[in-house]
Amino acid sequence: MGDRSRTEGVFGQPRPRLRPAWPKAEVPSYAGTMKKVAVLTSGGDAPGMNGAIRAVTLIAASRGIEVRGVRDGYLGLMAGDFVPLSPDVVGEIHSAGGTILGSARSARFRTPEGRREALQQLSRAGIDGLVVVGGNGSLTGLAALLDEAGGSLRGIGIPASIDNDVGYTRLAIGVDTAVNTIVDACDKLLDTAGSHGRAFIVEVMGRRCGYLAMAAAVAGGAHAVLFPEAGKDPDHLVDTVLRAIRSRSTKPRNRRCALILKAEGVDVSLETLQDAVTRKIDAEDLGMDVRGITLGHVVRGGRPSAMDRMVATRLGHGAMQGLLSGESGRMVSWASGLSFPPEITSPVSGDPRTCLVDLDAVLEETEAMLTGESSFIAWRSRVLGQLEEVFGQ
């Protein structure tokens, strides 16, 4: 897997650097030699993916490079399911949700045999570079494919995941739209909650990352938020909800309501939490009904926000700039003020808010985020913990 010399992670924790940067002397600019690029979307869809596809296509076409879209992610890559992309094809897709290329998960691609099939299809199609738009699993697949290729393929990843659980990037494509969708739903729920004197516990997506719940709780005026990074036991979770409801139960009639956001990664089911809270509320005769709501996959849908369209376009630009300059084994990051170690990063020409980050370092930091070992996650948990008393007012 390459050099495992230690480097400092973006948030101060040491991280192993698994993939050394390509020596510039050995990799000249591809601007005049790259002939054909493929782009695929993989994993869960995210609003803004189409914007990234569009940006890659437009920039490649402006350099005289052919673009092939891969239908259905890595599954389509193994089957050689390529479709030509041009400015005419992608001209208006940036405003549409989902992905025009489709997405699918493939167990076979996780095997060396599956990845060799994918490489054979890329070779037959004469493809010089690959752009992968997706989350942690998709970027892991790209890293494995590049290892299998042994230097015969150049690849750049673009983070796209509503969960915002990818390391070394402030935002992934789809996050802003997902937060806006949750906040809009919470606004509507608060209307009916205030009318009927109810408490709503709203579960939102995010897998093992609580970012969506955290961000939407702040923006949506929630009275409590439950997220897995806090590491709280079930009794503490119930007490957190009860404190919020008790505080709200003494408010005037139109304010006697409560909104609690729960990340799906919290280790207590919504039904179990609702039942436990209801029993205690009934015992205390607080006079407030508790309803559980799961927003589910509606959070993934919808037209991308202006922010997601802009981020997707600039990340797509960064991916093509990376390929044209001979980079590989990198992810385009929406750094936007974050400072990354120079040993694992390189700049994107013309865009100070983005940079290229070593892909293996990204995967290491992502795992640290999901296990709670990242100092950034610890900071985020501390901030939300400090806000707990403020939420219930």
Side-chain angles (χ1 to χ4, degrees), residues 1-2 18-19 36-46 49-50 52-53 56 67-85 98-163 165-167 169 172-174 207-209 297 300 315-316 319 322-323 327-332 357-367 370:
M1 290 289 288
L18 300 182
R19 189 186 306 281
K36 195 178 295 186
V37 170
V39 56
L40 66 82
T41 53
S42 175
D45 62 303
M49 280 182 161
N50 286 328
I53 296 168
V56 168
V67 184
R68 295 291 182 267
V70 184
R71 290 193 178 104
D72 297 328
Y74 290 119
L75 190 64
L77 187 60
M78 291 185 295
D81 193 357
F82 301 116
V83 57
L85 296 180
T99 163
I100 65 164
L101 294 176
S103 183
R105 292 180 171 89
S106 171
R108 180 164 178 75
F109 184 78
R110 299 189 184 100
T111 67
E113 294 78 15
R115 293 191 292 273
R116 282 194 287 270
E117 289 177 14
L119 289 171
Q120 289 170 1
Q121 297 290 359
L122 289 166
S123 177
R124 291 191 190 110
I127 290 169
D128 305 304
L130 175 66
V131 177
V132 172
V133 186
N136 182 29
S138 304
L139 298 175
T140 300
L142 174 60
L145 185 67
L146 293 174
D147 284 339
E148 200 77 38
S152 63
L153 175 71
R154 303 284 168 174
I156 300 288
I158 296 178
S161 169
I162 66 166
D163 305 327
D165 58 354
V166 178
T169 186
I173 292 171
R207 298 178 65 187
R208 289 188 287 163
C209 178
H297 286 76
R300 278 190 185 167
L315 293 182
L323 287 178
E327 294 276 10
S328 185
R330 299 270 175 156
M331 182 195 78
V332 191
V357 186
D358 179 82
L359 186 54
D360 285 316
V362 168
L363 298 178
E364 289 286 338
E365 178 65 17
T366 299
E367 183 61 25
L370 297 179

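Counting begins at 1 with the first residue of the sequence. This structure is a prediction, so every number in the text was calculated from the model and none was measured.
- Heavy atoms only, all atoms of each residue included: Val131 and Ala319 are closest at CG1-CB, 4.1 Å.
- No salt bridge links Arg108 with Glu113; every basic N to acidic carboxylate O contact stays at or beyond 4.0 Å.
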- CA sep, side-chain torsions, deciding dist, call: Ile53, Val67, side-chain contact (heavy atoms from CB on, under 4.5 Å): CA-CA 10 Å; Ile53 296 168; Val67 184; over 6 Å; no
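- Distance check: Asp147 CG to Leu153 CG gives 11.5 Å after rounding to the nearest 0.5 Å.
- Looking at Val133, Thr99, Asp45 one by one, the single match for side chain to side chain contact (heavy atoms under 4.5 Å, CB included) with Asn50 turns out to be Thr99.
- Listed by first then second residue, pairs satisfying ring pair (Phe, Tyr, Trp, His ring centres under 6.0 Å) with a partner in residues 131-150 number zero, not counting sequence neighbours.
- Within the model, atoms OG of Ser328 and CG of Leu146 stand 4.5 Å from one another, a figure rounded to the nearest 0.5 Å.
- Within the 3.5 Å criterion, the main-chain N or O of Ser138 finds a donor-acceptor partner in the side chain of Tyr74.
- When every heavy atom of Met78 is checked against every heavy atom of Ser106, the shortest pair comes out as CE-OG, 3.0 Å.
- Summarising the geometry of Leu130 relative to Leu142, their closest heavy-atom pair is CD2-CD1, 4.2 Å, with the distance given to 0.1 Å.
- Put simply, the side chain of Lys36 gets close to the backbone of Ala125: a donor and an acceptor are under 3.5 Å apart.
- At least one donor-acceptor pair closer than 3.5 Å links the side chain of Thr41 to the backbone N or O of Gly102.
- One distance of note links SG of Cys209 with CG of Asn136; it measures 11.0 Å at 0.5 Å rounding.
- One distance of note links CG of Leu315 with CD1 of Ile156; it measures 12.0 Å at 0.5 Å rounding.
- Taking each heavy atom of Leu122 and Ala38 in turn, the nearest pair found is CD2-CB, 4.4 Å.
- Proximity of a side-chain donor or acceptor of Asp358 to a complementary backbone N or O of Ala361 within less than 3.5 Å is detected.
- Counting all heavy atoms, side chain and backbone alike, Ile158 lies closest to Ala52 at CD1-CB, 4.3 Å.
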- Task: Could you give me the CA-CA distance, side-chain angles and deciding distance for Val132 and Leu145, then say whether side-chain contact (heavy atoms from CB on, under 4.5 Å) is met?
- Result: CA-CA 11 Å; Val132 172; Leu145 185 67; over 6 Å; no
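- Taking CD of Gln121 as the start and CG of Leu77 as the end, the distance is 7.5 Å to the nearest 0.5 Å.
- Between Arg71 atom CZ and Ile100 atom CD1 the span is 9.5 Å, to the nearest 0.5 Å.
- Partners of Arg110 by side-chain contact (heavy atoms from CB on, under 4.5 Å), not counting sequence neighbours, listed by chain and number: Ala107.
- With sequence neighbours left out, Thr169 forms a side-chain contact (heavy atoms from CB on, under 4.5 Å) with Pro159, Val166, Met331, Ser333, Trp334.
- Taking both residues in full, the closest heavy atoms of Ser161 and Gly135 are given as CB-CA, 4.1 Å, listed atom of the first, atom of the second, then distance.
- By the 4.5 Å heavy-atom criterion applied to side chains, Leu139 and Leu359 are counted as neighbours.
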